[in-house]
Amino acid sequence: MSKTAASLAPAADPSRWKALVFIALAQLMVVLDATIVNIALPSAQTDLGISDGNRQWVITAYALAFGGLLLFGGRIADKWGRKNAFVVGLIGFALASALGGAANGEAMMLGARALQGAFGALLAPAALSLLAVMFTDAKERAKAFGIYGAIAGGGGAVGLILGGFLTEYLNWRWTFFVNIPFAIVAAVGAWMVIREPAGSRNRAPLDIPGVVLSTTGLVALVYGFTRAESAGWSDALTVTMFVASALLLAAFVLVESKVKSPLLPLRVLLERNRGGVYLSLGLAVISMFGLFLFLTYYLQVVKGFSPVKTGFAFLPMIAGMITGSTQIGARLMTRVPPRLLMGPGFLVAALGMLLLTQLEVGSSYPALILPAQLLLGLGMGTAFMPAMSLATHGVNPADAGVASAMVNTSQQVGGAIGTALLNTIAASATTAYLTDHAAEAAAGGPAGQLIQAQAMVEGYASAIWWAVGILVASSAIALALINTGRPGAGGPVASGSVEDAEFKVPVIAH
């Protein structure tokens with residue numbers, strides 16, 4: 001067996017850095033798309049005649065397809081080949097984007113968004129698992145995942161800037177068409193330079209019951225949180241979705257423990273380092289999604305910023321994330337254990353979030369929002385980098401795709417929870433403030449408008465307090481569960497099996 005393991009550790013691919021360029025480009029496209037459409041939605045809604053009740057489906061259709069199909073996409077990448085899955089995902093995403101840009105009505109738009117989500121679910125885990133199997137040297141792996149982590153963390157804010165420019169100066173349709181050149185360049189480049197290591201595919205038969213149970217369970221979970229945001233937590237359908245999700249995912253776990261070739265081998269999920277990453281990162285993303293939502297509304301509604309100016313206002317966070325990922329995380333990951341980057345990183349982000357609990361209607365951008373964003377970016381960038389690398393920590397190479405899919409799933413579900421949960425908390429606090437100041441609010445005029453603005457900011461601050469607590473919990477989980485040493489230092493073998501131990505060092509350095 002050790003000979004087999006050794007044979008799976010080929011010489012470093014000379015094209016790996018070129019491959020990283022195209023993988024990073026594809027990741028940027030997927031992350032951009034998550035926020036760029038939000039900016040364009042009001043214009044698209046007016047042009048296509050989408051009702052207020054149905055406009056959320058432009059976002060929800062993408063989230064349901066992407067979140068529900070990620071595990072399936074990860075296993076397809078393992079079985080079919082990550083390069084093949086990556087290129088097909090890019091071509092499909094480009095075609096779906098063209099369909100969205102050319103949409104002439106609500107049905108065509110929603111169909112295009114669902115298709116984008118489905119191809120994104122094939123593309124995203126293939127991209128991350130390609131990095132995992134191509135970069136095996138600890139220092140090179142740290143640099144590669146530093147770049148990938150910076151894009152994963154900061155791309156959403158870039159989407160706000162690009163979305164603002166395209167919508168304000170061209171047309172909302174360009175927020176879809178802009179994906180096409182990204183996808184074509186990445187697909188052609190990937191096809192020419194990516195060389196997958198031999199023997200890393202998983203050719204086991206597909207676990208159809210697992211596919212059905214995981215997809216329906218995740219769709220029900222994401223839809224439950226999405227519906228809770230608009231219809232409330234006690235709504236009958238919301239409750240039904242949560243109950244159905246719990247039953248379906250419990251059945252999925254049971255099936256995966258019994259079948260010979262599971263969609264998600266439980267060894268991927270239960271290894272403490274990977275489990276710690278999935279849980280801590282999912283919680284941290286709850287905070288990040290809430291922050292994007294509240295700061296966007298605060299800057300545009302309360303401060304009166306334009307979409308383009310709002311996008312530029314997020315630049316300090318992007319700068320912080322890039323610095324945290326490439327200069328702090330990547331440089332220190334080969335010198336200190338990952339938990340000592342992730343735990344403190346989440347705490348620094350929590351400190352930045354804590355500053356934002358002091359938001360007021362007249363708060364200064366340079367004095368409060370800018371330093372808070374820098375701290376958030378530095379902390380999250382530093383934590384994201386080892387988290388992305390540890391997503392495939394010690395994994396059998398045949399499971400790299402589905403392990404990568406799990407980190408994407410934790411982010412997607414975390415995003416859905418964050419948007420719904422924090423928005424509900426903010427709305428409740430705003431309502432309570434308006435109730436307490438009903439007389440002033442009813443007065444109308446400038447005084448009434450000021451009370452309305454103060455109520456909104458009070459709601460944001462209340463929800464941000466929860467986000468602080470969630471980031472502290474992320475830090476505690478990372479410090480408690482992640483126990484691997486620095487790459488190359490011979491940290492504990494956590495999976496427990498001889499086979500896992502043999503695959504650990506030569507294939508996926510950690």
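A quick note: this is a predicted structure, and the numbers were derived from the prediction, not measured. Computed over heavy atoms, backbone and side chain alike; hydrogens, waters and symmetry mates excluded.
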Donor-acceptor contact present, side-chain [X] to main-chain [Y], <3.5 Å:
| X | Y | answer |
| --- | --- | --- |
| Gln116 | Gly100 | no |
| Thr382 | Leu341 | no |
| Arg82 | Gly74 | no |
| Arg274 | Arg267 | yes |
| Arg113 | Val58 | yes |
| Ser280 | Ser474 | no |

Assess whether side-chain contact (heavy atoms from CB on, under 4.5 Å) is satisfied between Leu90 and Phe119, documenting all intermediate values.
CA-CA 7 Å; Leu90 280 166; Phe119 284 108; over 6 Å; no

On a heavy-atom basis, which atom in [X] and which in [Y] lie closest, and how many Å separate them?
| X | Y | result |
| --- | --- | --- |
| Leu218 | Gly68 | CB-CA, 3.9 Å |
| Pro265 | Arg75 | CD-NH2, 3.2 Å |
| Ala65 | Ala118 | CB-N, 3.7 Å |
| Ala463 | Ile425 | CA-CG2, 3.8 Å |
| Leu122 | Gly73 | CD1-O, 3.9 Å |
| Leu481 | Arg272 | O-NE, 2.8 Å |

How far apart are the C-alpha atoms of Phe225 and Phe242, what are their side-chain angles, what is the distance that settles it, and do they pass the ring pair (Phe, Tyr, Trp, His ring centres under 6.0 Å) test?
CA-CA 8 Å; Phe225 278 107; Phe242 285 135; 4.8 Å; yes

With a 4.5 Å heavy-atom cut-off, do [X] and [Y] have their side chains touching?
| X | Y | value |
| --- | --- | --- |
| Tyr278 | Val268 | yes |
| Met317 | Leu374 | no |
| Gln373 | Phe314 | yes |
| Leu237 | Tyr223 | yes |
| Met241 | Leu221 | no |
| Met380 | Met288 | yes |
| Asp207 | Pro209 | yes |
| Ser214 | Phe72 | no |

Taking atom [atom1] of [X] and atom [atom2] of [Y], what is their separation to the nearest 0.5 Å?
| X | Y | atom1 | atom2 | result |
| --- | --- | --- | --- | --- |
| Leu354 | Leu347 | CG | CG | 11.5 Å |
| Leu359 | Ile369 | CG | CD1 | 5.5 Å |
| Leu283 | Ser410 | CG | OG | 9.5 Å |
| Leu355 | Thr357 | CG | OG1 | 7.5 Å |
| Ile76 | Asn84 | CD1 | CG | 11.5 Å |
| Met353 | Leu471 | CE | CG | 5.0 Å |

Apply side-chain contact (heavy atoms from CB on, under 4.5 Å) to the pair Leu249 and Leu213, showing each step before the final yes or no.
CA-CA 7 Å; Leu249 293 176; Leu213 288 169; over 6 Å; no

Yes or no on side-chain contact (heavy atoms from CB on, under 4.5 Å) for Leu248 and Val212, after CA distance, side-chain angles and deciding distance?
CA-CA 9 Å; Leu248 288 164; Val212 172; over 6 Å; no

If you take the centroid of each ring, where Trp contributes its six-membered ring, are [Y] and [X] closer together than 6.0 Å?
| X | Y | value |
| --- | --- | --- |
| Phe66 | Tyr62 | yes |
| Tyr460 | Phe294 | yes |
| Phe86 | Phe22 | no |

Evaluate the criterion side-chain contact (heavy atoms from CB on, under 4.5 Å) for residue pair Ile328 and Leu378; output intermediate values, then yes/no.
CA-CA 8 Å; Ile328 301 174; Leu378 281 170; 3.9 Å; yes

Show every donor-acceptor pair shorter than 3.5 Å between a side-chain atom in residues 255-262 and any protein atom, with sequence neighbours excluded, or say none if there are none.
{"unit_1": "Glu256", "atom_1": "OE1", "unit_2": "Leu263", "atom_2": "N", "d": "2.7"}
{"unit_1": "Glu256", "atom_1": "OE1", "unit_2": "Leu264", "atom_2": "N", "d": "2.8"}
{"unit_1": "Ser257", "atom_1": "OG", "unit_2": "Leu254", "atom_2": "O", "d": "2.6"}

Taking atom types as modelled and ignoring hydrogens, do the side chains of Thr238 and Trp233 form a donor-acceptor contact shorter than 3.5 angstrom?
no

